[in-house]
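None of these values were measured; they are calculated from a predicted model.
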Amino acid sequence: MINNALNIGIQGIQDGMQGVEGAARKIARGGVDGPRGTADGGNGMTESIVDLKLYERSVEASAQVVKTADETLGTLLDIRA
């Protein structure tokens, strides 16, 4: 059960970091999106900033899952010792 929580937390961190990278790339392009380089009127920039913040929170939450699972495992090991 602890391994499952650790795996879920790590997967969440990895997914969140990929999302952060994608949103950061869009922000770095400055609102120009797509292969034709068409401007999106700033809506894409706003969405990208919001996405960046959401992915950041997702990574933080997943890191907390990993931390809690680690602490739980440590407590269980201390009890068994």
Identify the two heavy atoms, one from [X] and one from [Y], that lie closest to each other, and give their separation to 0.1 Å.
X	Y	result
Gly9	Ser62	O-CB, 3.3 Å
Val65	Ala5	CG1-O, 3.5 Å
Met45	Ile27	CE-O, 3.7 Å

Residue from [options] passing side-chain contact (heavy atoms from CB on, under 4.5 Å) with [X]:
X	options	answer
Ser48	Arg29, Lys26, Arg25, Lys53	Lys26
Val20	Asp51, Asp15, Leu52	Leu52
Thr75	Leu73, Thr72, Ile79, Leu77	Ile79

Say you draw a straight line from [atom1] of [X] to [atom2] of [Y]; how long is it, rounded to the nearest 0.5 Å?
X	Y	atom1	atom2	answer
Leu6	Asp70	CG	CG	7.0 Å
Glu60	Lys67	CD	NZ	12.0 Å
Tyr55	Glu21	OH	CD	11.5 Å

